Participant: 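Quick one: this structure, given as structure tokens, is what I'll be asking you about.
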Amino acid sequence: MKTDVTLKIAGAAGQGIQTIGDLLSEVCHQSGLFIFSVDDFESRVRGGHNFNLLRISDKELAAPGNRLDILVCINENAYDLHKEELRSGGIAIVNAEKPGTRNKTRFEIPLKKLAEEAGNKITANTVAAGAVLAILGTPFTLLADVLKNRFAAKGEKIATLNVAAAKKGFDAAKDLSRNTGFTWEAKKSHNIVLSGAQAAALGALAADCRFFPFYPMSPATGVISNVIPYTEKLCVVVEQAEDEIAAVMMAIGASFAGVRAMTATSGGGFCLMTEGLGLAAMTETPLVIVNAQRPGPATGLPTRTGQADLLFSIHASQDEFPRFVFAPGTPVETYETMKRAFHLAEKYQVPAIVLLDQFLANSRVTEKNSLTVAPDIERFYEQNNSGNDDTPYLRYALAQDGVSPQRLPCSGPGLVRVTGNEHDPEGHISENAANKIAMTQKRAAKLPAMIKEMDPPLLVNPTARVLLVGWGSTRGNILEAVERLGDQSMEIGAVLFKDLWPMDRKAIGKVLDNKQLIMVEQNESSQLGRLLAQEAGIVSFDTILKYDGRPFFPDYIVQKAKELVK
Amino acid sequence: MKTDVTLKIAGAAGQGIQTIGDLLSEVCHQSGLFIFSVDDFESRVRGGHNFNLLRISDKELAAPGNRLDILVCINENAYDLHKEELRSGGIAIVNAEKPGTRNKTRFEIPLKKLAEEAGNKITANTVAAGAVLAILGTPFTLLADVLKNRFAAKGEKIATLNVAAAKKGFDAAKDLSRNTGFTWEAKKSHNIVLSGAQAAALGALAADCRFFPFYPMSPATGVISNVIPYTEKLCVVVEQAEDEIAAVMMAIGASFAGVRAMTATSGGGFCLMTEGLGLAAMTETPLVIVNAQRPGPATGLPTRTGQADLLFSIHASQDEFPRFVFAPGTPVETYETMKRAFHLAEKYQVPAIVLLDQFLANSRVTEKNSLTVAPDIERFYEQNNSGNDDTPYLRYALAQDGVSPQRLPCSGPGLVRVTGNEHDPEGHISENAANKIAMTQKRAAKLPAMIKEMDPPLLVNPTARVLLVGWGSTRGNILEAVERLGDQSMEIGAVLFKDLWPMDRKAIGKVLDNKQLIMVEQNESSQLGRLLAQEAGIVSFDTILKYDGRPFFPDYIVQKAKELVK
Amino acid sequence: MITSKEFNCNYENKWCPGCGNFQILAAMKNAFAQQQIPPEKLTLISGIGQAGKTPHFLKCNMFHGLHGRALPLATGTKIANNDLTVVVNCGDGDCYGEGGNHFLAAIRRNIDMTLLVHNNQIYGLTKGQASPTSSLGMVTKLQNSGTPSSQFSALVIALAAGAGFVARGLSAESGHLTELIVKAMNYKGFALVDILQPCVSFNKINTLSWYKERAYKLADTDHDPRDLAKAFNLAQEWEKSLPLGVLYEAAGTPFHERVPNLKANALASHNYDSKLLTDVLLQNL
Amino acid sequence: MITSKEFNCNYENKWCPGCGNFQILAAMKNAFAQQQIPPEKLTLISGIGQAGKTPHFLKCNMFHGLHGRALPLATGTKIANNDLTVVVNCGDGDCYGEGGNHFLAAIRRNIDMTLLVHNNQIYGLTKGQASPTSSLGMVTKLQNSGTPSSQFSALVIALAAGAGFVARGLSAESGHLTELIVKAMNYKGFALVDILQPCVSFNKINTLSWYKERAYKLADTDHDPRDLAKAFNLAQEWEKSLPLGVLYEAAGTPFHERVPNLKANALASHNYDSKLLTDVLLQNL
Ligand SMILES: Cc1ncc(C[n+]2csc(CCOP(=O)(O)OP(=O)(O)O)c2C)c(N)n1
Ligand SMILES: Cc1ncc(C[n+]2csc(CCOP(=O)(O)OP(=O)(O)O)c2C)c(N)n1
Ligand code: SF4
Ligand code: SF4
Ligand SMILES: [Mg+2]
Ligand SMILES: [Mg+2]
């Protein structure tokens, strides 16, 4: 049996909610347990209401939990807001001025006072972590080791102080300890805890991306900030642009010069990049853009989650051109997707868009560590060893497969000529009608090979009559829902897309044909459903849609699916 | 029987090609004839190769001609480029240094020399017009009257000079006169000659649009430049913005203040406006954008024609929201569409996008004059006569039909609060989940009524087994193709869309079901076909696609359709 | 008699305790009260950022727009209805970063409005990246080896672009700031008040005391705000001294007097005139 | 020995006969020849407009980008490979209108490249609308009641933004212009050469003779290009006199010396290092 505990730590922004969550996560990770940790916060810096939702298990987790075993309330408001979410048998730890109520469902603990007793009130969060772990039945030494490690850099005094604070909390709650069923012991695990944003940064770096021009925007900033720790050891440059237009243009400029580059943005910023996207396409300059979706339109809910940019990403920029659109479902998948995005963008000389969202970008999840760096990397540039007036280098030679030989400027005798106007093979402006047809067809000719590069969707019980269909970050939620429905003897399968565009319409049509399809998406119009209708001739589908800016939970999908299955 | 003549006047930019075309058009119009006049020019100011393609008939024309009766070559190059397009019996008038060849197929005429003889070499173009009209059998007085009228403002001397020049050309070609079958006589007609750009400007003005912020971009600039002549008599303001972002933001700002405003742009500029588009949607501020499409991607072919922004226009900007997308097919339809766009954008508080293209914007066409100005205009603003702390005015009240009462700022006690963040009914930022759902549904709730506002596509022989399906400016070409196919006993119908989005999927599905559909579009991927697949469950269709930057001709459609009909 | 309290609104303020924005807000309310403009006659337009949220925190008509785009939005509003009193709140990133091009254009149009830039030399709402006004070399989480762009000197650039009213305030000098806002609003044309504003959460360099140590009031000097050359010099002061007050003021022709159709009456004030439209549009076709 | 002829290319030129651009093109070729940079070692990056077409009309590596966006494109190229010689051609609308924000940012980065602005005070390619450098009140087809924005003084703004090399040329002074281009290219950092360029098709006011009547060479005066205050004054001259030459030149730290990872070698020059990446990225997870 799987042991499975869900905690929520709630309070105001600036109260260090995330610190507590991180500490708990770290202890669990060191004990070989799996976590799924989600942050929920407002678009403000201090105050308001925040929480960290932490699920812990001894088996791999695909989704966050929602019924709470432990609710940690840094203020009373948090208790009022979340007490209904406690499952029966759950307990709330509530910060108080002085020791108070103390029963199986509510435990008032004076965090600040205990911290002061330990030596400094700033360790109140560590006190809370100690209390929680006591309740979870964790041996104190595990926490102590994590704290020593964590504060090692800040000197022994700080470390000791925190251990003392943790002990205060731990002792205060010791007698509330319950058997969670976990085996608590320090274990070297082959797992990693990553967020999607972190994974995207790592994947890009592993793909030899060296230049990250960007403009800050939630939730994309996290991708870039996760590059920062590596700028000392790796020769990469992060540059904050004056706006998103500049960011995408810088990436294109760098790519033209042969350096892999990417930018990351969200909705409004992606809008501003769409002209550049078309330039990359027309000049056939490789380009990778991470669009970390957030609920809109316009500024919308800047710190919340949503999946409503699929069709925009596929159709963005005037006229038509081949592009890749990916939407990984987990951090590890994000890492792999980023590597592929760079590889494929360069191989086909097209833009690649990687869709993330706040839920995937910010959630920290334990997964098997399958991360690798390739021993060597394939680059798609031709030697620049020829070219003169009579036989110039033809940047846009009419290659049958659409992929003309690409060279680097100033790397040899061939002049590299690139323009966003329609151009002849040499790269000069051409208004000729036949040339326009030839060039349009050349660009479009890449599609068949691009389609072959697409991984098919993940199929779970594909023979079931009813299929839940999703894409991107809802993956884990759907997987768990299918499992639970199965436990309730409902034969339901799933089709989970990670590679979205271009689409192998025939293969996908076969999978979806003659099924009851239930689209599970975080948007209002079922964008994937509409896309499948267009591409694979799906005529009708049901939907489970959520567009309140909050992530799905498996429970919700299970419940809605039951209502829908005919 | 219909008489039908096609001319091409060709030369370099700066040689006054269009002046000749305009003169001929004017004479024809004054004689009650119908014209269809298309300009073809490069993206440069002088030199290069340009032409004007002029079709004349005594019946209404839906499309340009392509087999030439008369080819006027201002330089020898023009002759080489176009001589193959002459139909048998056609004649080329070629500018020469001195009188030369003169037979039924080629007539060399020294335009400059004759102009000098008439008094000034700058009238060379008038000489050419005279020659052409002589060949067409037009009585000289008709031309003389047009010239007098045209040059009246410049003084009698100039007028007389031009009449003399015209006479030179006329006399030189008189004996080549042929019977075209036209009845030449000055007639007061109830027709008008308009270009799409001109019609768009007139329509906007008739809709009481008072503010035109814009940034120059072909072929959208024409819409704005056609507003300029009215700025003296009407109290409207045209303002060149620093970029397209500013242009769309200015339009939104003005609309917020209750003044109808629009902007016009093309591809790359539209990209830059997409963020503003979303802002208009989120704040529910009425907005009209003309996207005069041109072939891309990126800078593409700036002065050429194409129809490849349909899906981009429908999906532009992050997340989802209702919007109108229209694509009128003729100048008069453009006028009406602009009026409706303003009306509907304001009625539903949504953005409306009107798609034009270079072909529609720049072609001048004779149509029945059905242009009207409404005796009164419906505005959709509520009186601002209430609102205080206890019962504030609710800009975003949760109206059942999605349309909340809109008021003007500073027009009364109610405070008008508008934000691009997700907001509560009062217009304040709200991150509440239930509110987000309610507001998303409120916005989406407008769709059913919006769909009812959509005109169904124009149906021609809808019972035929094979239907040509098109949208926007290809309308006339398809209509004529259907007519000609009918003449050849091929029962083919047409479905021609002008109102594209939102779509009445059921009604349209009914029309298209069980037919062989042939999509006729100026793009490479059949965007309307894909949209119909998505919306109306159309699974397969054939295509006649053209994406060389040049317009369709009926001939081409006829020929391709014959190949496709099974 | 309108008092500054009349502008209080009960929507929850979302700034950090101790933020300089609170004093800017107070100064705005005082300035509006001094001019006896009631909330319902006030139109505030803003960008996105902490500064951009300002209009939510007082009573007014408002359009909280897009990051970087407050000025063209306000320009459209003002062109449509010149009778409106338009005040714009922007952040430094908002106005001088994303919105840099519009800043130049608004000055060149001399559009009659007041721009208040909450200049905290940092991106506040997005949690502490460098802004254009951050000093060269400033280290932040994302600029870990120091900001590599030299500082954007808003006042110098404004003067260079031809601005007719250029002032600097300090949030903590709320009374002085109130005066500046009143002067700016009374100026006929585009008026810039760049307001130094400590961000207690993210800017640990340019703190209130950093500003206070350097700030001095031009009113206490013999500066003549008509002296452009002197204004250029003052605007270039930074590391050692920070002049507060009106650096430059000169009469100019505002936008609505440059455009014939805006001179007499506001665009919004005209009635729909079917006859005129018919005559002008359809008669000569 | 590389001569200017070596840069000739047989792609058809598309400018109007008599356009000032021809002389700019000639000066560019001469400048490249003087520095003995062969076509294959030259990277030209441009915006969209008549000026933007320049790279097509000579032999070079080139990226003809988007309207207004040449500078960030060039910035990316230069950051990727600092060994490239990057010269940027823009129109006045391109650079100071659509691209205004990038102009400010490129100066503030002091990115090491040369910007040549073909300043014809008009939108040429789109057939004659006012540009930011058109004078206030200038009448065009679309500005039928006169341009309502005051003129963008590129040189003043560049100085205000902190540019280290600010020069003005005149297309017709091709020899002088050649010198300026050479100096600009030799400057270590961002160098602006604003080039007055008659547009014979659309600008009937600022014609060649208009420029010639006003232009004078700074080299003939005692101007010291290290004098910023003087440079500001010179940059403000316009209606009556137009100084040509280097208005201001001061050494500064170029972008690639401000960013640690750009100091030593070009980003493009490193090899993929699987071991290093594994160690740095995967070891500490
Ligand atoms: C187009 C776009 N890009 C980026 C963002 C994200 N964003 C929101 S506020 C902000 C910057 C805030 O800094 P500033 O303008 O100085 O305002 P402050 O918060 O400091 O008052 C950014 C980058 C956005 N909302 N829209
Ligand atoms: C985003 C975008 N907006 C507008 C245009 C249209 N456009 C092309 S060139 C140009 C202006 C040309 O003026 P300038 O930059 O001064 O160059 P010039 O032709 O005078 O050399 C414009 C507006 C465009 N190509 N892209
Ligand atoms: S982050 Fe800074 S600017 Fe924003 S509210 Fe907090 S202190 Fe003020
Ligand atoms: S339009 Fe003007 S700038 Fe363009 S090529 Fe012609 S003369 Fe030169
Ligand atoms: Mg700021
Ligand atoms: Mg120009």
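Being a predicted model, the structure only gives us computed values, none of them experimental. Hydrogens, waters and symmetry mates are skipped; everything else that's a heavy atom, side chains included, is used. Residue numbering restarts at 1 for every chain, and letters A, B, ... go by the order of the sequence lines.
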Participant: Please find the pair of heavy atoms, one from Gly549(A) and one from Lys436(B), that lie closest to each other, and give the distance.
Facilitator: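 For Gly549(A) and Lys436(B), the tightest heavy-atom pair comes out as N-CG, 4.5 Å.
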Participant: Looking at Gly306(B), Ala281(B), Gly48(B), Ser525(B), which makes the most heavy-atom pairs under 4.5 Å with chain A?
Facilitator: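 Most heavy-atom pairs under 4.5 Å with chain A: Ser525(B).
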Participant: With chain A as the partner, which of Val539(B), Thr283(B), Thr299(B) has the greatest number of non-hydrogen pairs under 4.5 Å?
Facilitator: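 Top option by heavy-atom pairs under 4.5 Å: Thr299(B).
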Participant: Quick one: closest heavy-atom pair of Arg443(B) and Pro297(A), and the distance?
Facilitator: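 So the minimum-distance heavy-atom pair works out to NH2-CD, 3.9 Å.
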Participant: Could you tell me the separation between the CZ atom of Phe270(B) and the CD atom of Gln318(A), rounded to the nearest 0.5 Å?
Facilitator: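 The CZ atom of Phe270(B) sits 10.0 Å away from the CD atom of Gln318(A).
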Participant: Assess the side chains of Thr440(B) and Glu524(A): does a donor N or O sit below 3.5 Å from an acceptor N or O?
Facilitator: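 Short answer, no.
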Participant: Picking from Ala434(B), Ser266(B), Gly268(B), which has the most non-hydrogen pairs under 4.5 angstrom with chain A?
Facilitator: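 With the most close heavy-atom pairs to chain A, the winner is Gly268(B).
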Participant: Name the option with the most non-hydrogen atom pairs under 4.5 Å to chain A; the candidates are Met273(B), Gln307(B), Gln441(B).
Facilitator: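 The option with the most such pairs is Gln441(B).
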Participant: Any idea which of Ile538(A), Asn421(A), Asp309(A) has the most non-hydrogen atom pairs under 4.5 angstrom with chain B?
Facilitator: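 If we count pairs closer than 4.5 Å to chain B, Asn421(A) comes out on top.
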Participant: Do the non-hydrogen side-chain atoms of Glu431(B) and Arg304(A) ever get within less than 4.5 Å of each other?
Facilitator: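 Yes, at least one pair of side-chain atoms sits under 4.5 Å.
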Participant: With only heavy atoms counted, which part of Asn432(A) is less than 4.5 Å from chain B, the side chain, the backbone, both or neither?
Facilitator: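 It is the backbone, since no side chain atom gets that close.
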Participant: Under a 4.5 Å heavy-atom cutoff, which of Lys546(B), Arg530(B), Glu422(B) has the most pairs with chain A?
Facilitator: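 Among the listed options, the one with the most contacts to chain A is Arg530(B).
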Participant: Of the non-hydrogen atoms in Gly278(A) and Ala298(B), which two are nearest, and what is the gap between them?
Facilitator: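 Distance-wise, the nearest heavy atoms are O-CB, 3.9 Å.
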Participant: What are the two closest heavy atoms between Ala433(A) and Asp548(B), and how far apart are they?
Facilitator: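 Scanning both residues completely, I find the closest heavy atoms to be O-CB, 3.7 Å.
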Participant: If you look at every heavy atom in Thr274(A) and Cys271(B), which pair is closest and at what distance?
Facilitator: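 Nearest pair, atom of Thr274(A) first, then Cys271(B): OG1-CB, 3.1 Å.
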Participant: With chain B, which of Leu301(A), Asp319(A), Leu277(A), Asn291(A) has the greatest number of heavy-atom pairs at distances under 4.5 Å?
Facilitator: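 Of the options given, most contacts go to Asp319(A).
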Participant: Give, as side chain, backbone, both or neither, the part of Phe321(B) having an atom under 4.5 angstrom from any heavy atom of chain A.
Facilitator: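 The side chain, not the backbone.
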Participant: Have Tyr547(B) and Glu320(A) got a donor and an acceptor in their side chains that come within less than 3.5 Å?
Facilitator: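 Looking only at side-chain atoms, Glu320(A) and Tyr547(B) do not form any donor-acceptor pair under 3.5 Å.
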Participant: Is it the side chain or the backbone of Glu535(B) that comes within 4.5 Å of chain A heavy atoms, both, or neither?
Facilitator: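 Contact with chain A involves the side chain of Glu535(B) alone.
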Participant: Which region of Ile245(A), side chain (C-beta onward) or backbone (N, CA, C, O), has a non-hydrogen atom less than 4.5 Å from a non-hydrogen atom of chain B, or is it both or neither?
Facilitator: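 Contact with chain B is through the side chain of Ile245(A) alone.
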Participant: Less than 4.5 Å to any heavy atom of chain A: does that hold for the side chain of Ile429(B), its backbone, both, or neither?
Facilitator: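 Answer is neither: Ile429(B) stays 4.5 Å or more from chain A.
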Participant: Heavy-atom pairs under 4.5 Å with chain B: which of Ala533(A), Gly529(A), Gly296(A), Pro302(A) has the most?
Facilitator: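 Among Ala533(A), Gly529(A), Gly296(A), Pro302(A), the one with the most close pairs to chain B is Gly296(A).
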Participant: Which answer fits Thr303(A), side chain, backbone, both or neither, if we ask what part of it has an atom under 4.5 Å from a heavy atom of chain B?
Facilitator: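 When you check distances to chain B, only side chain atoms of Thr303(A) fall under 4.5 Å.
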Participant: Give me the atom names and distance for the closest heavy-atom approach of Met282(A) to Gly300(B).
Facilitator: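 So the two residues come closest at CE-CA, 3.8 Å.
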Participant: What option among Leu310(A), Leu279(A), Leu311(A), Leu532(A) has the most heavy-atom pairs under 4.5 Å with chain B?
Facilitator: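 The candidate making the most pairs under 4.5 Å is Leu311(A).
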